[in-house]
**Student:** 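The structure follows.
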Amino acid sequence: MTQVKGEHPEMAKKKHAPARRPEPGAEAAKPATLKDLLPADMVQRLKSQADGMKAEQERAREEERRRAEEARKAEQKRNESSMEYLLDNSSMDWKKFK
């Protein structure tokens, strides 16, 4: 058994086989997808239904954002008319107004 200087027999580099590329005919052997199995008009209807659902979700998010903004503005208006809130949040440095 010949040993290269500084190498342990179990630590020798292993040769890797080159990566195999799929054969051109292998594409036809791929399993059929649901899109391939359904009629084109049904796929189109499903896509339009998905788009409609996304649009509805976006409208719902926008409506929720608008309601939260209105609630925040109403709270701010109520606080600005409350003397207790104004006193609590004002600077109590009255010396600069003498």
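Because the structure is a prediction, the values reported are computed rather than measured.
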**Student:** Counting heavy atoms not belonging to E63, are there more than 12 under 6.0 Å from its CD?
**Tutor:**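 Yes.
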**Student:** Given D36 and T33, is the side-chain hydrogen bond (donor to acceptor under 3.5 Å, both in side chains) satisfied, shown in steps?
**Tutor:** CA-CA 5 Å; D36 297 334; T33 62; 3.1 Å; yes
**Student:** Walk me through it: do E62 and R66 pass the test salt bridge (Lys or Arg N to Asp or Glu O under 4.0 Å)?
**Tutor:** CA-CA 6 Å; E62 183 63 28; R66 188 185 58 76; over 6 Å; no
**Student:** Return the NZ to CD distance between K73 and E80, rounded to the nearest 0.5 Å.
**Tutor:**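 Output value for this atom pair is 12.0 Å.
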**Student:** Who passes side chain to side chain contact (heavy atoms under 4.5 Å, CB included) against E64, sequence neighbours left out?
**Tutor:**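 With neighbours one apart ignored, the set is R67.
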**Student:** Sort and list the pairs that fulfil salt bridge (charged side-chain N to carboxylate O under 4.0 Å, His left out) and have at least one residue in residues 48-60, not counting sequence neighbours.
**Tutor:**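 Residue pairs passing salt bridge (charged side-chain N to carboxylate O under 4.0 Å, His left out), neighbours aside: E56-R59, E58-R61.
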**Student:** Could you list the cluster mates of L34? Members are the ILVMFWY residues connected by side-chain heavy atoms closer than 4.5 Å, either directly or through other members.
**Tutor:**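 L34 clusters with L38, M42, V43, L46.
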